[in-house]
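Here the structure comes first, spelled out in structure tokens, and everything after it is commentary.
All ligand and atom numbering here is 1-based and tracks the order in the structure. No hydrogens, no waters, no symmetry mates; every other heavy atom, side chains included, goes into these values.
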Amino acid sequence: MITVMKFGGTSVGSAEALKRVANIVANKEGEKVVVVSAMSGITNFLVSVVDNPMTDLDGILDQFAEKHLSTAAQLFEGETLEEFRTEFEARMTGLRAAIDADRDDPFYGDAVVSQGERFSSLLLAYVLRSMGHRSVALTSEDAGIVAVGQPLSGSADLLNTATGMTMKVKPLLSMGVIPIITGFYGVNAQKKPLTFGRGGSDYSAAVVANAIDADMLEIWTDVDGFMSADPRIIPDAVKIDEMNFGEAAELAYFGAKVLHPRTIEPVRLKHIPLKVKNSFRPDEPGTLIHHLRKSKNELLRSVAAKTDLSIITISSAEIAYRPAMVARIIEKIAEINVIIYSISTSLSTVAFLVHNNDVKMTLRQLNGLSGGDIERIDVKNNVALICAVGDNLLDKCGVSGDIFSAVKEAEANVEMISEGASDVSLNFVVPMNKVVEVVKILHDKYIGVIE
Ligand code: ADP
Ligand code: ASP
Ligand code: MG
């Protein structure tokens with residue numbers, strides 16, 4: 001039995017938390033591979049170093065070092081602490097080199113923001129060693145995680161990662177060593193770090209589980225499991241016991257931050273079940289996500305929202321009768337790798353839902369289309385897409401009526417509607433300033449089992 005266990009930023013955010021995590025790992029039966037995020041706050045700090053070159057960099061790096069060293073000093077001592085310090089200094093040299101490198105390199109940001117995981121993985125490996133276990137910290141380079149794609153939004157190359165990890169990680173498992181691998185990034189064809197987007201350690205862990213054919217993936221975080229809504233918005237959100245891959249994938253893609261949007265696919269491909277668990281309350285059962293699950297006759301199971309989106313509407317006479325024109329528009333947007341969250345068409349319009357940050361670039365691309373074809377382009381900024389998931393939602397008579405009556409109650413306009421995968425979700429767009437209210441009303445009225 002091989003388990004991949006991923007621990008997020010708050011789970012490794014202090015000496016006390018790291019100790020708790022080390023006990024969870026040590027108590028796990030069978031072979032285990034651990035993937036970690038940076039200590040909480042560290043990636044944000046590294047992002048700020050990239051965004052605003054700092055004058056007092058030395059002082060700030062001293063603080064960075066002090067945070068990790070003082071944590072280490074609370075966890076182990078003597079020879080273990082000395083050995084830790086030697087490896088730690090080498091990593092600090094790597095961090096300084098990454099910051100001092102050429103800022104014009106397109107992968108400069110990836111190289112800097114991915115540094116935090118190198119330190120948290122080292123801390124956890126040494127805590128386990130101090131407890132008498134054989135453990136080694138591996139960077140994504142050491143472990144063989146291969147990434148492809150654009151800066152700050154890489155994807156894993158699953159086949160090459162599997163080859164690399166079979167050579168580099170599997171032998172450690174048979175020797176009884178616990179590898180602690182850096183989450184968040186892989187290495188691209190130029191041998192440079194390429195990150196998987198913010199929150200990417202969940203995806204790293206799913207990629208690792210896929211690569212080594214794990215039997216189970218455990219995502220350990222700071223809440224009891226996947227919940228019926230973001231508990232920060234809905235304090236009385238309830239924990240979901242079981243979900244299927246489709247439901248979890250839709251919710252993660254459309255804003256449920258508990259899982260990185262791309263976590264499900266690598267494990268679904270190999271039928272590897274996933275559990276979401278709370279590292280602060282390890283005895284709680286968490287949420288099991290797998291292929292099948294018993295239907296519960298619920299109206300809604302969970303609601304998520306993706307904010308900061310824009311609708312770009314292209315008008316052109318009878319565009320519906322000119323599929324080649326629609327294809328050209330989509331091709332143009334695809335050339336710049338902009339994600340389209342939803343598309344809807346009418347006789348004379350095609351509307352796309354994209355992130356606010358991608359609007360300028362998309363408009364520039366569309367301006368490059370041959371003149372005369374497009375009559376007008378309108379942009380509506382600051383909308384949010386709400387994703388409502390429930391059992392066979394779209395088969396149930398009247399469900400959309402119920403959902404939209406909640407939207408009406410919030411006095412919000414529905415700007416766009418689309419269905420999610422396999423009848424489980426209904427997605428619709430509302431103005432950003434109404435999103436919290438709509439989610440609250442939906443949650444209050446419709447989450448739970450129908451009697
Ligand atoms: P980690 O650092 O462990 O990766 P994250 O902060 O990325 O943790 O994700 C966990 C957080 O996700 C929770 O603290 C919670 O606020 C938020 N969250 C948003 N939607 C949900 C949801 N549907 N279920 C559980 N948590 C959610
Ligand atoms: N440390 C990275 C981030 O903050 C990756 C992660 O936590 O999953 O985005
Ligand atoms: Mg996360």
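Atom 2 (O) of ligand 1 has its closest protein heavy atom at Gly9 N, 3.1 Å. Looking only at protein heavy atoms, the nearest one to atom 1 (P) of ligand 1 is Thr221 OG1, 3.6 Å. Nearest protein neighbour of atom 24 (N) of ligand 1, counting heavy atoms only, is Met227 N, 2.9 Å. Among protein heavy atoms, the minimum distance from atom 6 (C) of ligand 2 is reached at Ser201 OG, 3.3 Å. At the shortest separation from atom 7 (O) of ligand 2 among protein heavy atoms lies Ser37 OG, 3.2 Å. The closest protein non-hydrogen atom to atom 26 (N) of ligand 1 is Val258 CB, 3.4 Å. For atom 14 (O) of ligand 1, the nearest non-hydrogen atom of the protein is Asp222 OD1, 2.8 Å.
Of all atoms in ligand 1, numbered sequentially from 1 with element shown, those under 4.0 Å from a heavy atom of Gly225 are 24 (N), 25 (C). If you number the atoms of ligand 1 from 1 as listed, the ones under 4.0 Å from a heavy atom of Phe226 come out as 23 (N), 24 (N). Interface of Asp230 with ligand 1, defined as ligand atoms under 4.0 Å from a residue heavy atom, comprises 15 (C), 16 (O), 17 (C), 18 (N), 19 (C), 20 (N), 21 (C). In summary, the atoms of ligand 1 found under 4.0 Å from a heavy atom of Lys6, numbered by their order in the structure, are 4 (O).
A tilted orientation is assigned to the rings of His291 and His271, their planes being inclined by 30° to 60°. Relative orientation of the Tyr253 and Tyr341 rings is tilted, given thresholds of 30° and 60° on the angle between their planes. Between Phe196 and Tyr203, the ring-plane angle classifies as perpendicular under the 30° and 60° cut-offs.
Across Ser140, Ser120, Ser204, Ser121, a single residue satisfies side-chain hydrogen bond (donor to acceptor under 3.5 Å, both in side chains) together with Thr182, and that is Ser140.
We find that Lys445 and Glu409 are joined by a salt bridge, their nearest charged nitrogen and carboxylate oxygen being less than 4.0 Å apart. Taking the charged nitrogens against the carboxylate oxygens, Lys6 and Asp202 do have a contact shorter than 4.0 Å, which makes a salt bridge. Salt-bridge annotation for Asp224 and Arg281: present, with a side-chain N of the basic residue lying under 4.0 Å from a carboxylate O of the acidic one.
With distances taken over non-hydrogen atoms, the option nearest atom 11 (C) of ligand 1 out of Lys257, Lys239, Arg232 is Arg232.
Residue contacts with ligand 2 include Gly200, since one of its heavy atoms falls under 4.0 Å from the ligand. Ligand 1 is approached by Ala229 to a heavy-atom distance shorter than 4.0 Å. Contact analysis leaves Gly199 out of contact with ligand 1, as no non-hydrogen atom separation drops below 4.0 angstrom. Residue contacts with ligand 2 include Gly199, since one of its heavy atoms falls under 4.0 Å from the ligand.
In terms of N/O distances under 3.5 Å, ligand 2 is approached by Arg198. Of the N or O atoms in Glu117, one or more lie within a sub-3.5 Å distance of an N or O in ligand 2. Distances between N or O atoms of Gly197 and those of ligand 2 include no value under 3.5 Å.
Remark: Glu83 CD is packed, more than 12 non-hydrogen atoms of other residues, nucleotides or ligands lying under 6.0 Å away.
Although no hydrogens or angles enter the test, the distance criterion places a donor-acceptor pair under 3.5 Å between the side chain of Thr287 and the main chain of Ile240. Looking at Lys32, its side chain never comes within 3.5 Å of a backbone N or O of Met5 through a donor-acceptor pair. Looking only at distances, a side-chain donor or acceptor of Asn188 sits under 3.5 Å from a matching main-chain atom of Lys192.
By the 6.0 Å and 45° rule, Arg129 stacks over the aromatic ring of Tyr126.
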